[in-house]
Amino acid sequence: MKDIREDIAWAQINQDVLKSMESPRKLYWVILFFAFAAFCVGVGCEVYQYQTGMGVANKNNPHAWGLYISTFIFWIGMSHSGTLLSAILHLMHADWRKPIFRFAEALTTFSLMTAGLFVMVHLGRLWQFYYSVPYPDERGLWPNFQSPLLWDAMAIFTYLSSSILFLYIGMIPDLAICRDHLHEGWRKKLYTLLSLGWEGTDRQWRNFRVTYLTIACFLIPLAVSVHSIVAADFAMSQQPGWHVTSFPAYFVAGALYSGCSAIITLFIILRYVFKFEEYMTLPILKKTVRLTFAIAMIWTYLNAVEFASVWYSHDQASKDVLIQKVVGPFAPFWWGMIFCGSVVPLMLAFKRFQTNVPVLFVVSLLLNLGMWLERWMIVAPTFSHGYYPWTWDHDQWPGFVQWGMVFASFGWFTMLFMGFCKVFPSVSMYEVKEMVYHRKLHLKNSETAEQGAH
Amino acid sequence: MIDSGLDRRDFLKVLGWGGAAAALSGCGNTSIEDGKETVVSYVEAADYAIPGIGVYYNSTCAQCDAGCSINGRVREGRVLKLEGNPASAINRGKTCGLGQAGVQHHYNPDRVREPMLRKGDKFETITWDKAYALIAEKLNGAKGEEVAFLSGGVSGHLKVLLGNYLASIGCKNHYVYEALAPAVARAANKKAYGIEMPRFNINKAKVVLSFGADFLGSWVSPVHFSQQYAQFRKGVDGQRGVLIQVESKMTLTGANADRWVPVRPGTEGILALGIINELGMASGDIAAAVKGYDRIRVSKETGVPPGQIDKIAALLKLRSPSLVLAGSAAEGYAHGSQNAAAINLLNHVLGNVGKTIEASSSVTFTQMAPAKGNTAALKSLNDGLAAGKYKVLFSYAANPVFTAPGALKFKDNLAKADFKVSFAHYLDETALQADLVLPLDSALEDWNTQVPEYMAEGAQINIQQPLMEKLHANTRGMGDILLALVKQRRAEEYKSFDDYYAYLRAAMLQNKGALGGGGADDDTFWNDTLTKGIVKLAGSSGALSGKASVVGLTLPAPSAADAQYPLHLIPGVTASLRDGRHANQPWLQESPDPLTTIVWDSWVEIHPKKAAELGIKEGDILEVTSRSGSIKAQAYLFPGIHPDAISVPLGRGHDALGRYAKGYGANPFQILDAVFDQETGELAMHETRVKVSKTGQCVIVVKDEGSAGGKQMGRKIAVSMSTDEVDLSKEV
Amino acid sequence: MSQRHLLALFNNFEDAEAAIYELRAADIKGFNFDDLTLKSPIEHHEVESVLGQRSANVQWFSLGGSLLGGLLGFFLISGSQANFYAQMKGGKPIVPFPPNFVLTFEMCVLGGVFITILGFLICAGLPAKRSPLYNAKVSEDQIGVLVKADESAMAKIKGVFLNHQALEIQEEVSK
Amino acid sequence: MSVNNLLENWAQFRHFHPVDDKPHDPYKWAMSIDLDACTGCNACSVACYAENNLPVVGKEKYQHGHVMHWIRIERYWDESLGVAGGGDFPEQGAQFLPMMCQQCEAAPCETVCPAAATNHTADGLNSQIYNRCVGSRYCSANCPFKVRYFNWYDYPTTDNVWPAEMNQQLNPDVTVRSKGVMEKCTFCVQRLHAAKGTAKNEGRLVHDGDVQTACQQACPTSAITFGNLVDPESKVHKQWQSQQVELDKDAQVKDQKEGGSGLRGYRIFEELRPYPSVMYLERVRESAV
């Protein structure tokens, strides 16, 4: 099977994609509605928490962070998919990424926005969040640049703004298509504005290519640094179970992993909702699945490395935390993480599952669950079982406000993401055209070569 | 400022007049925000009230009877914090947690604020004049012997005035009741040493062998003993003092012992005699009396291994002087006095009397000497009430409805008195049963003198003075009330005293020569006395007169197992809650019990082995049933308790008192059997037998201890070394 | 002499390429080859072989931007650390290197990306006014060749386009 | 200006503390706690509530771990108790440990605060600036002793925390903290300020004994000693010196001695290099019984 049909007409591509922006299946609205409802739950929780205090989330001393930070890492991790597909695979000339990188980039942008929300939700004094923004206040105070949280803020700001720019720049030719082919109305005005007068001239294309490549080059180390810094939030601290050298690599692998599985999930949803069967083809899904499988195995390996290095370290406190994860009150979740993260992906190794959409949908959801559990299992056990035995606390579990907020974050993300897919082309038209064009050229060349051989 | 033409004086005036204008336009007090705050003009503030600067006043802590002197920090007319007064020989500038919480007694939101008269099931507010008239009326209708006055321990001029008042109404029934007083010890000490409360020099002892005396927690004068204990640990001649604690339930003192010896409940006396026998230092009839107590028998009866008895005896022999203390845990039995006698005998045998046990000074004015509370008084009162002897009952500083053993049915008997007057800080369980409730000033706004029962060095009279203005307009000092009442009968004698302050001042000045103010003029002496907060007296030092004697010393065999109620109930006395009168002070509720770290609730201490046997785990709600009733509380697995015993702390389980006390925990007083010490008639608090059963409910125990329990997981947090590894002489 | 625009649309890139080759070879008077612009729905970098190396200078912006960002980052952070109360934290130096390097790196990337985008806009001449001749087909599936030439050359150029199966030729209305 | 400042004072900005830095001068507040004297009576903790306006959170919030005791008394049993081969009874009693902020010289909490709300002061305290705190709780997460307490609720407005009258007891020298900020033991910094002010007015330094922390003042056994570690006349200095515990070491020389040094002084988690300012003196138990 082919990634994409070479004989697909370019006008057809325009038409199909533009149609997605106007008339998706009904399911789209159902999803949007439920996403909004979930988001409202979170707004309610936040209002309650903001008014009453963080205590309502059932956090305490020592459980100072809980699900907010776990879910924050989860969303940050998910954002790495976009960079992987658009930047890394772009540099590697893997052209099968072309129909799916746009939504992957959107995934990056919106999951970062969701993650950013958790930073805010987490703050005890949200109304003073600007104290950690780097500007000198009226007394000449700056934030503390030594804090990994500040690096986080800086890295996420850089990553978010770069991702948005990357997404936008990559979309300009498509915006021009929208401008040219959509009916009059506010959207046309919007696209006219956003497409910056793009006409596809050779000069524009030439600079576009260089720019796109350069930003891709910036984005790759940036993405790695972002999740390394999130890992540094933990690794730079002194706590048992966190102070682990392999954390940055482990986090980055986990990030790519969760990003890939999220792509599979969204791939399947978008394919159905926007009728993209022609572009988001099963062979592309298969490639994504194989990539996911490979990353899952890397993650499993790094997980094992982390456990082994703790186990052989003579650091009794860290060992205790590990034992606590395996057999303590967190054991069901920890084993759930191992099952979802390391066992379930083994299914992806079987060819017959690699293109089985229902199975993949379920598997990708399980992988995501596993990755969420992974983040929780990084954060919570160290709090419950830290250096100081007197303050060990195995009885404190996240309250409904925390769960509500986690639930709502999925709603918020889905809302933004689905909104984006309706307003902007979620399949890159010009890149699909390029793909089709190059495939055709390639086909022609090989046919010529074959004839020559005869 | 200058531009606007407003100078500083005008500015202050504006502030002052602002308040005044509001007062003129409104009515009564100057108030803003619907009376939430009062504008006080500092322009006319008293000299000492400098905004931002704290002033300190000496007074006396009234949270327990130990008589610690305190030093209150007052700022802007509000008392903020209590510290110890360094000049006092009793506490030398130190305080306990209970004492610290004194301010919460004063500022307590649940204090009674108005005199209240019962109308059916409810109280209604009346005026003081009406209240006094009502008392006079009721007393006119009753003969002297039909009136009873129940009080806690009182001393000083309040006691004098109370005595005079009772005499004026012909009442001879003054019951001085303290639920947790060392009354058996007093009697036993009197017999053994000739003095009820001799001076115990813990700091001079090289070994302290304590039979259930929680002198660091709640026994007699804990702050004083704690300081002695610190010196004792530093050691005499560089030799660190050794503390051995024998008891069935670990107390705070037991937790600090070098060796904590769990003993079968009630066999403390047997162990004491066994040690005397093992020492082999006694002669004559003592030797003969203890002869039968060989180590094997004693070990069998007490459950203490023979080797342990050997070691204790050897140590006592080796290191002298030592000090043996008999505490309430050893005395709370029907044979409590016998136990105490056996234990005190040990001091004689070891030759400690006169060295670590010395005669104490006492105040020569016997009229002011403390009226010592006990539980025998409760029994007499209860009997009288049951017989319907009393028409009028006054109660002050005692809450017998809460603290009387359930078996006495005190609440029912109380109802037989026609007219009950309660002088109360809170609407406690007893006040709720009263017909007339009269609100008292807190100890931080009242005048008094206090004579401590346990004199640390020389004799002293403590001065209690107001640290700030009254918080509530309609509360009265107990002295003022008594003065008003006594004036009803003897107006002529007391007419020159407008209030209790005047009475007190006159009384002190009258005798200033004896109080060390010989040469000074009245005002100087008075101000000096108030400044110091303590009057140190020459006092009289009685001689120790008791002799070692075994006459009448017979110890019963250890009690047989009770099939129906197999466990001993040990009512736990905690340092902060004691008999529960201060349970409405939130700091005390939230201050973890030192041993279990539990807060805000009661618990049942049970040994882990026993718990395993009964299938009990931490947090199970247990029903503890005695012959007299049952209570429910959460289980806490506690290694520091004899497996044959359980312990439930006293002080919680109020169904009145206030928002911080009501509904928290269970009250073990309710299930105590009415068993009394055969000699003194004191309530034998440890004689109650119980059984426990699981109710099936389970809760998370609210405590400070984390999920690791009391384990350090080898992390070297609280480190310990033994005496042979340490060289204390190098220390500063 | 007045110049006019002319836009030819081709069905595929080969036709357009051939037309451009011919235009270059023809050396028509009044037509400068540099005034020829190719408009396409996708990028055809093969076009460079016809149009010649036209410069793309965005990467220099990237270099400058990241250097600027990095330097700004380091000195902003170190300077603020030194000027702010100078209270120690955690026993680490007032100006600690590891955190500052991390932030310098982030600033370096931030500066790089932002200035690259700026460079792109400058180099690509965006945002641009719409050129006088444009056809929506160019963003769909056809290749457009836009030339600017003297009126005199128009006919010749048109001829070349028509030779190469131009689907449509639009001419600027004369002024 | 800032680059100039940076370059001119470069060496000063690159000092590590306390290992290659000069000690605090003229003040370095430190403590020593004698665990052999501590009886676990909790007076210090209640005194701290009284002095520092600590809220009483009530039973329900206590259960959820929201208690605010800046100084807590921990009660440990012997490790052998109740395990196979160990005894059934705590024959050596319990072991009590008062734990409060250790005012680390190289505090792990300080580096991680994003808002710079916690800093090392010139007199050697680990300060917490309530109104700068944004409530990220990273400091608490990174504290090995877990002695930082977060305001999970707005206690001043919570029912029955400081009801009418009770609020009159609040110490005006100490801020009442609102929800969302971190707090912890300050070594009674308000008392230190007052003492320093008085001393300055009199043109001298604070003498030993001029100032006591609330816990120290209450402690019935005087187990807590507090003072200026760089003042050779202070008791705390003498104690640290006689115990051979050095502030800037992560392992004490005396502990390398074979057979033990016979000294009791130690600091908790010294090996994590926070350089705590609180020295504990080991509990002693008699070997003869």
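Letters A, B, ... are given to chains in the order of the sequence lines, protein chains preceding strands, and every chain is numbered from 1.
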By salt bridge (Lys or Arg N to Asp or Glu O under 4.0 Å) - contacts of A/E431 (at least two apart): A/R97, A/K98
Greatest number of heavy atom pairs closer than 4.5 Å to chain C - which of A/P134, A/G197, A/S195, A/P136: A/G197
Proximal component of C/F120, with respect to chain A [non-hydrogen, under 4.5 Å]: both
Nearest-0.5 Å distance that lies between atom CG in A/N207 and atom OG1 in C/T116: 12.0 Å
Chain A-proximal positions within residues 8-17 of chain C [heavy-atom distance under 4.5 Å]: C/F13, C/E14
Residue pair C/L110, A/M154: steps toward the side-chain contact (heavy atoms from CB on, under 4.5 Å) verdict: CA-CA 9 Å; C/L110 189 68; A/M154 192 65 217; 4.0 Å; yes
Side-chain touch A/W142/C/I77, heavy atoms, less than 4.5 angstrom: no
Validation row: C/L126, A/Q204 side chains within 4.5 angstrom (heavy atoms): yes
Smallest separation among heavy atoms of A/W205 and C/P41, with atom names: CZ2-O, 3.3 Å
A/F145 vs C/Q81 side-chain heavy atoms within contact, under 4.5 Å: yes
Segment of A/P148 engaging chain C (4.5 angstrom heavy-atom cut-off): neither
Shortest non-hydrogen separation from C/E106 to A/S225 and the atoms involved: OE2-OG, 2.7 Å
Side chain proximity check, A/E199 to C/V138, heavy atoms < 4.5 angstrom: no
Where C/S139 and A/A176 come nearest, the two heavy atoms and their spacing: OG-O, 4.4 Å
Check: C/C108 and A/F218 side chains under 4.5 Å, non-hydrogen atoms: no
Portion of C/F61 that has a non-hydrogen atom of chain A nearer than 4.5 angstrom: neither
Gap between atom CZ of C/F114 and atom OG of A/S161 - 0.5 Å precision: 4.0 Å
Test item: A/N144 and C/K89 side chains (from C-beta on) under 4.5 Å apart, heavy atoms: yes
Option in C/L121, C/I117, C/L76 with maximal non-hydrogen atom pairs under 4.5 Å from chain A: C/I117
Ring geometry between A/Y437 and C/H44 (parallel below 30°, tilted from 30 to 60°, perpendicular above 60°): perpendicular
